[in-house]
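Chain letters run A, B, ... following the sequence lines, proteins first and then strands; every chain starts at 1.
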Number of protein chains: 2
Amino acid sequence: MLDRLGDRWTVLVLVELSKGTRRFRELERAIPGISQRMLSLTAKRLCRDGVVERTVYPTTPPQTDYRLTPMGESLAGMVSALADWSRENKDAIGAARSRWDREHQ
Amino acid sequence: MLDRLGDRWTVLVLVELSKGTRRFRELERAIPGISQRMLSLTAKRLCRDGVVERTVYPTTPPQTDYRLTPMGESLAGMVSALADWSRENKDAIGAARSRWDREHQ
DNA sequence: CTGCATCCGCTTAGATACTG
DNA sequence: CAGTATCTAAGCGGATGCAG
C-alpha cells in the first residue's frame, strides 16, 4: 500500500485534494511539472484504492470533480504531516548531505 | 525529500531500525526480499541524509552497526504511523480495488 | 475539457560474481 | 560479515496524437 506513496505524484495530488474538491485542469495547474498522462494515471489509481472519488458532469465541455473519500482524508492527514516534517527538516537534511559529500569527496 | 520514502525499501529499513540498532546482516534478514545491493544503497542514502548513523568496528569478521539519529527517530515515528494506517485500512483498500476491478471489468 | 493509446529513452532494481 | 562491480531487463515518465 505504501508503494503508492512513492509514485512521486501521488503525495502532491493528495496534498492538493486535501485543500478541497478539484477539477482535472485545476490539479494539473496546481502541480507544476505533472503531465496529463501521469495525472490521469495517478488519479485513476487513487480512485481504485478508494481514497479518491470522481464525479463526472456530462456537460459540454465535460467536467470532472475529484475529492477525497473519508479514508482519503485520513491518509492525506498523515501525508501532510510528513510534508510538514520534510519542510521543517529540509535545512538539516541539506546540511547533512553537504557534510557527507564533503567527507566522501 | 519525500522522494526517498518512495524507494520501496527505505520505509522498511526505517521501521526495522526504529526497533533498535541493527547490523547489516540483521537488516538483510529482517527485510525479506531485499538484496545486498539495495540494502547497501538504501542505508548509504539514509546515512547521507543524516537520519541514520553507521558505526564500524574493525574486528574480524568486520561488524557495522546502524541506528537512527534523533532526526531519524522523528521521521521513523511518522513512517510507523503511516505503516499502521496501511495495516488498518488494508482490507478497505482491498475491497475498494475489488469493487473497482469488477465495475471496470 | 478530460482523458486514453502509443512510442521511446532513461532510470532503476535484481541477479550474479567478486573483494577486504 | 559487509559490502562493491557489472550486466541486463523491466518499469516509469515524457511527448505526441487522437477521441468523446
Side-chain angles (χ1 to χ4, degrees), chain A residues 1-17 20-49 51-68 100-101 103-105, chain B residues 1-14 16-17 20-49 51-68 97 100-101 103-105:
Chain A
M1 311 287 169
L2 297 174
D3 292 0
R4 190 75 74 245
L5 295 179
D7 282 356
R8 178 181 179 189
W9 300 114
T10 299
V11 170
L12 297 174
V13 170
L14 284 176
V15 169
E16 184 60 26
L17 285 181
T21 299
R22 292 287 185 275
R23 301 178 51 174
F24 190 87
R25 283 287 285 161
E26 290 175 334
L27 286 173
E28 191 181 358
R29 274 189 292 262
I31 304 174
I34 196 172
S35 63
Q36 286 190 333
R37 169 187 157 84
M38 291 319 297
L39 178 53
S40 178
L41 286 178
T42 302
K44 189 189 294 180
R45 281 193 283 250
L46 290 174
C47 286
R48 179 170 179 263
D49 291 343
V51 299
V52 166
E53 206 167 23
R54 183 168 59 174
T55 308
V56 179
Y57 301 98
T59 57
T60 50
Q63 175 175 343
T64 308
D65 284 353
Y66 293 92
R67 70 176 181 285
L68 295 175
W100 202 95
D101 291 344
E103 291 173 0
H104 297 72
Q105 158 226 13
Chain B
M1 309 286 169
L2 298 174
D3 292 0
R4 190 75 75 246
L5 294 179
D7 282 355
R8 178 182 178 190
W9 300 114
T10 299
V11 170
L12 298 174
V13 171
L14 285 177
E16 184 59 27
L17 285 180
T21 299
R22 291 288 185 275
R23 300 177 53 173
F24 189 88
R25 282 288 283 162
E26 290 175 333
L27 285 173
E28 190 181 358
R29 274 189 294 261
I31 305 173
I34 195 171
S35 63
Q36 286 190 331
R37 170 187 154 84
M38 291 318 296
L39 177 53
S40 178
L41 287 177
T42 302
K44 192 185 294 180
R45 281 193 282 250
L46 290 174
C47 286
R48 179 170 179 263
D49 290 344
V51 298
V52 165
E53 205 166 22
R54 182 168 59 174
T55 309
V56 180
Y57 301 99
T59 57
T60 50
Q63 176 174 344
T64 307
D65 284 353
Y66 293 92
R67 72 175 181 285
L68 294 175
R97 286 181 181 170
W100 203 95
D101 290 344
E103 292 174 359
H104 296 75
Q105 163 224 14

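Both A/Pro62 and B/Gln36 sit near DNA chain C, but only A/Pro62 has its closest nucleotide nearer the 5' end. Mapping A/Arg54 and B/Gly33 onto DNA chain C by nearest heavy atom places A/Arg54 closer to the 5' end of the strand.
Distance from the side chain of B/Tyr66 is smallest to D/dG3 among D/dG3, D/dG13, D/dC1. Checked against C/dG14, D/dC1, C/dC1, the side chain of A/Pro61 finds its nearest nucleotide in C/dC1.
Within the nucleic acid shown, B/Tyr57 has no heavy atom closer than 4.0 Å to any nucleic acid atom. Counting non-hydrogen atoms under 4.0 angstrom, A/Thr64 reaches the backbone sugars and phosphates but no base.
Taking atom CG on A/Leu41 and atom P on C/dT2, their separation rounds to 16 Å, with Å as the unit. As rounded to whole Å, 19 Å separates atom P of C/dT11 from atom CG of A/Asp7. Taking atom CZ on B/Arg37 and atom P on D/dT6, their separation rounds to 12 Å, with Å as the unit. Spacing between atom CG of A/Asp65 and atom P of C/dG3 amounts to 10 Å, rounded to whole angstrom units. The nearest whole Å value for the distance from the CZ atom in A/Arg25 to the P atom in C/dG3 is 12 Å. Computed from coordinates, the A/Met38 CE to C/dT2 P distance equals 18 Å when rounded to whole Å. Rounded to whole angstrom, the span from the CD atom of A/Glu28 across to the P atom of C/dC4 amounts to 13 Å. Across the protein-nucleic acid pair, B/Phe24 atom CZ and C/dT19 atom P stand 18 Å apart, rounded to whole Å.
Phosphate proximity of C/dA13 to B/Arg8: absent, as no side-chain N or O sits under 4.0 Å from OP1 or OP2. One finds a side-chain N or O of B/Lys44 lying less than 4.0 angstrom from the OP1 or OP2 phosphate oxygen of D/dT4. Taking side-chain N and O atoms only, B/Trp9 has no distance below 4.0 Å to OP1 or OP2 of C/dT12. A sub-4.0 Å separation between OP1 or OP2 of C/dA15 and a side-chain N or O of B/Ser35 is absent.
A/Asp65 places a side-chain heavy atom less than 4.5 Å from the side chain of A/Tyr57. In this structure the side chain of B/Thr10 never reaches within 4.5 angstrom of the side chain of B/Arg45, judged on heavy atoms. Side-chain contact between B/Val13 and B/Leu46: present, with at least one pair of heavy atoms (C-beta onward) separated by less than 4.5 Å.
Not a single donor-acceptor pair under 3.5 Å links the side chain of A/Ser40 to the backbone N or O of A/Gln36.
For the pair B/Arg97 and A/Asp49, the salt-bridge criterion is met [side-chain N within less than 4.0 Å of a carboxylate O].
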